[in-house]
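What follows is a single structure, written as structure tokens, with notes after it.
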Amino acid sequence: MRRKAGLQSNDLRPEYAFDYSKAVRGKYYRRLIREGANVAVLEPDVAAAFRDSAAVNDALRSLLQVSETTRRLTGRSSQPRPRRRSGGDATAGAGRGG
């Protein structure tokens with residue numbers, strides 16, 4: 001199948017013209033630092049699981065809540081652990097050919 005020769009123009013409309021000679025690199029950098037903006041770059045497979053930044057924040061907040069809850073549940077017990085009996089286990093050699 002033959003491709004049609006398309007005429008593409010590289011000209012932009014006048015309202016989209018931008019004079020890059022007046023651009024300032026890092027113009028908003030100091031403001032972002034002052035406001036405490038944190039940027040986390042997500043891997044593409046993780047980013048595909050969320051529709052927007054609010055969904056990421058909700059998931060992270062719920063993860064923090066779960067970790068706080070389980071941290072209290074998994075604390076060390078005040079009771080001493082039972083001592084293990086020394087000596088061989090009767091099933092230690094089971095399953096070996098020989």
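This one's a predicted model, so the numbers in the text were calculated from it and none came from an experiment.
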Open item on the list: Under the salt bridge (charged side-chain N to carboxylate O under 4.0 Å, His left out) definition, can you give me all pairs with a residue in residues 42-58, not counting sequence neighbours?
Closed with: D58-R61
Open item on the list: Could you check whether atom CD of Q65 has more than 12 heavy atoms from other residues, nucleotides or ligands sitting under 6.0 Å from it?
Closed with: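 For Q65, atom CD is not crowded (no more than 12 foreign heavy atoms under 6.0 Å).
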Open item on the list: Check this for me: Y29, atom OH, are more than 12 non-hydrogen atoms of other residues, nucleotides or ligands nearer than 6.0 Å?
Closed with: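 12 or below, so no.
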- [ ] Sequence neighbours left out, what passes ring-ring contact (aromatic ring centres under 6.0 Å, His included) with F18? Give chain and number order.
- [x]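 F18 satisfies ring-ring contact (aromatic ring centres under 6.0 Å, His included) with Y20 once adjacent residues are dropped.
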